[in-house]
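Worksheet: one structure, shown below.
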Amino acid sequence: MPSGRFITFEGGEGSGKTTQARLLGDALRARGLEPLLTREPGGSPFAEQVRNLVLDPATAQHSALSEALLFYAARADHVEKVIRPALVSGRWVISDRFSDSTRVYQVEVGGLPLDVFKALELIVVKLTYPDMTLILDVPAEVGLTRATTRRLARAIAGEDADAYEKRDLEFHERLRQGFLAIAEAEPRRCKVIDGTQPPEKVAAEVWAYVEHRMLPPETR
Ligand SMILES: Nc1ncnc2c1ncn2[C@@H]1O[C@H](COP(=O)(O)OP(=O)(O)O)[C@@H](O)[C@H]1O
Ligand SMILES: [Mg+2]
């Protein structure tokens, strides 16, 4: 059985990752595949527990290293228990965020040394590196406005904003530049897509790229 493909969506808050991961899942299902949709932080029971800890605004202050180690503990479990078994059984896996997010948040913004990140990535991700990463790019104001709208909806529902969403415009712009730098460094894996277009246009661009790069001609 052929091994499945591993696709990740990356980008700042409000860039459309969750929306597009779902739409790509729909498009693959329409082609008769049964993709596994997952997310980070989280994606397995243990990793979801770590997610709750890290994203809880009440969690005590801690260093970028502590945070990266927590994320990698979660990722190790997610890869071992969820992603790897699915790929081995031939399923495609779509993850809403993966290791590039740790690189951007903890290295580019948080100041974690790049070699520490690379060591963790090598230990944990190893052969389960994404085949393709779609980076949704939106100006900081756009992402922030979308995330704020979502936050307001949560506030009305009585839920608190998570720790990452509480940051500001300058922070969003640094995230954006961090993701673009990864795309520039790894053009074979990463594709930057203009996330300011309407969702269905973004989805069409994602699909055209996935189809071109990953589906054999006879199944298109
Ligand atoms: N292309 C788009 N244009 C306009 N609004 C969008 C678009 N994609 C998503 N949204 C909306 O913006 C908000 C954030 O989208 P979401 O997919 O949750 O982003 P992310 O997962 O990257 O934070 C949601 O309210 C969503 O409906
Ligand atoms: Mg999301």
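One-based numbering, in listed order, for ligands and for the atoms of each.
Considering backbone and side-chain atoms alike, T19 places an N or O below 3.5 Å from some N or O of ligand 1. Note: no N/O pair closer than 3.5 Å links V202 and ligand 1 by distance alone. On a distance-only criterion, K17 and ligand 1 share at least one N/O pair closer than 3.5 Å.
Between the side chains of S99 and T102, not a single donor N or O lies within less than 3.5 Å of an accepting N or O. In the model, E40 has no side-chain atom that pairs as donor or acceptor with a side-chain atom of S101 under 3.5 Å. In this structure, a donor-acceptor pair under 3.5 Å is present between the side chains of T8 and T133.
The distance from ligand 1 to the heavy atoms of G12 drops below 4.0 Å at these ligand atoms: 22 (O). Proximity to E13 (heavy-atom distance under 4.0 Å) selects the following atoms of ligand 1: 23 (O). Close approach of ligand 1 to G14 (heavy-atom distance below 4.0 Å) involves ligand atoms 14 (C), 19 (O), 20 (P), 22 (O), 23 (O). Shown in contact with S15 at under 4.0 Å from a heavy atom are these atoms of ligand 1, numbered in order with element: 19 (O), 22 (O). Using a 4.0 Å cut-off to heavy atoms of G195, the atoms of ligand 1 that qualify are 1 (N). Atoms of ligand 1 found under 4.0 Å from any heavy atom of T18 (numbered from 1 in listed order, with element): 17 (O), 18 (O), 21 (O).
Of all the heavy atoms of P198, the ones lying under 4.0 Å from any atom of ligand 1 belong exclusively to the backbone. Counting heavy atoms closer than 4.0 Å to ligand 1, residue R150 contributes side-chain atoms (C-beta onward) but none from N, CA, C or O.
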Evaluation steps, side chain to side chain contact (heavy atoms under 4.5 Å, CB included), between M214 and M132: CA-CA 9 Å; M214 298 207 156; M132 177 188 287; 3.5 Å; yes
Begin with the C-alpha distance, continue with both residues' side-chain angles, and end with the deciding distance and a verdict on salt bridge (Lys or Arg N to Asp or Glu O under 4.0 Å) for D100 and R189. CA-CA 12 Å; D100 294 322; R189 171 173 68 91; 2.8 Å; yes
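Counting only non-hydrogen atoms, the option in R146, Q197, Q20 that gets closest to atom 12 (O) of ligand 1 is R146.
For the pair R174 and F171, the NZ or CZ position fails the cation-pi test of under 6.0 Å to the six-membered ring centre and within 45 degrees of the ring normal. For the pair K191 and Y209, the cation-pi test (distance below 6.0 Å, angle within 45°) is passed. Seen from the ring of F98, R75 counts as a face-on cation partner, given the 6.0 Å and 45° thresholds.
Within the structure, ligand 1 has P199 among the residues with a heavy atom less than 4.0 angstrom away.
At a cut-off of 2.8 Å, T18 coordinates the Mg ion (ligand 2) through an N, O or S atom.
In this structure, Q20 contributes its side chain and A203 its backbone to a donor-acceptor pair below 3.5 Å.
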